[in-house]
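So the structure is just underneath, and the comments pick up after that.
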Amino acid sequence: MKTRSTLLQSALKLMGEEKALGSLSLREVAAEAGIVPAAFYRHFKDMEELGLALVDEVSAKLRSI
């Protein structure tokens, strides 16, 4: 689960640099997370699934506030 969380945090960090999720590449997110691109698929089937997981995570944090 640590790598999955790192992938989510890496995507958020890259998006914080004024990039949209749709413009992020799988390779870019994997590189930011410090993993090889093939390892991404152990946690998400594609970038769309990563995006949905980000929405779930952010929604959960907002609900807790």
Side-chain angles (χ1 to χ4, degrees):
M1 283 300 245
K2 182 180 178 196
T3 302
R4 186 178 198 281
S5 178
T6 301
L7 284 165
L8 291 169
Q9 293 304 316
S10 296
L12 284 173
K13 179 180 177 195
L14 291 168
M15 290 169 57
E17 296 169 359
E18 298 188 22
K19 284 192 163 196
L21 180 64
S23 69
L24 293 180
S25 72
L26 184 149
R27 290 182 183 277
E28 188 176 19
V29 174
E32 181 68 30
I35 64 169
V36 296
F40 176 94
Y41 294 108
R42 293 186 192 131
H43 306 281
F44 301 102
K45 71 176 185 177
D46 55 24
M47 287 296 289
E48 183 177 339
E49 189 174 281
L50 174 110
L52 292 172
L54 282 172
V55 169
D56 286 344
E57 184 174 296
V58 171
S59 295
K61 285 182 182 179
L62 287 174
R63 280 192 297 267
S64 71
I65 293 172

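Residue numbers count from 1 along this sequence. It should be emphasised that the depicted structure is a prediction, and the values quoted were computed from it without experimental measurement.
Rounding to the nearest 0.5 angstrom, the gap separating the CG atom in Leu12 from the CG atom in Leu7 is 11.0 Å. Note that CG of Leu14 and CD of Glu32 are 4.5 Å apart. Values are rounded to the nearest 0.5 Å. The distance from atom CD of Glu57 to atom CZ of Arg4, rounded to the nearest 0.5 Å, is 8.5 Å.
For residues 43-53, no residue pair satisfies the salt bridge (Lys or Arg N to Asp or Glu O under 4.0 Å) rule, not counting sequence neighbours.
The heavy-atom pair separating Pro37 from Ala30 by the smallest distance is CA-CB, 3.8 Å. Nearest heavy atoms, Ser10 versus Val29: CB-O, 3.9 Å. Leu21 approaches Gly51 most closely through the heavy-atom pair CD2-CA, 3.3 Å.
Listed for the Ser5 side chain is no donor-acceptor partner under 3.5 Å among the backbone atoms of Lys2.
Put simply, the side chain of Phe40 reaches to within 4.5 Å of the side chain of Met47, judged on heavy atoms.
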* Evaluate side chain to side chain contact (heavy atoms under 4.5 Å, CB included) for Tyr41 paired with Leu26, printing each intermediate quantity in order. => CA-CA 10 Å; Tyr41 294 108; Leu26 184 149; 3.2 Å; yes

Report the C-alpha separation of Arg42 and Thr3 in whole Å, then their side-chain angles, then the decisive distance to 0.1 Å, and conclude whether the side chain to side chain contact (heavy atoms under 4.5 Å, CB included) test is met. CA-CA 9 Å; Arg42 293 186 192 131; Thr3 302; over 6 Å; no

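Checked against side chain to side chain donor-acceptor pair (under 3.5 Å), Glu28 has the following partners two or more places apart in sequence or in another chain: Lys19.
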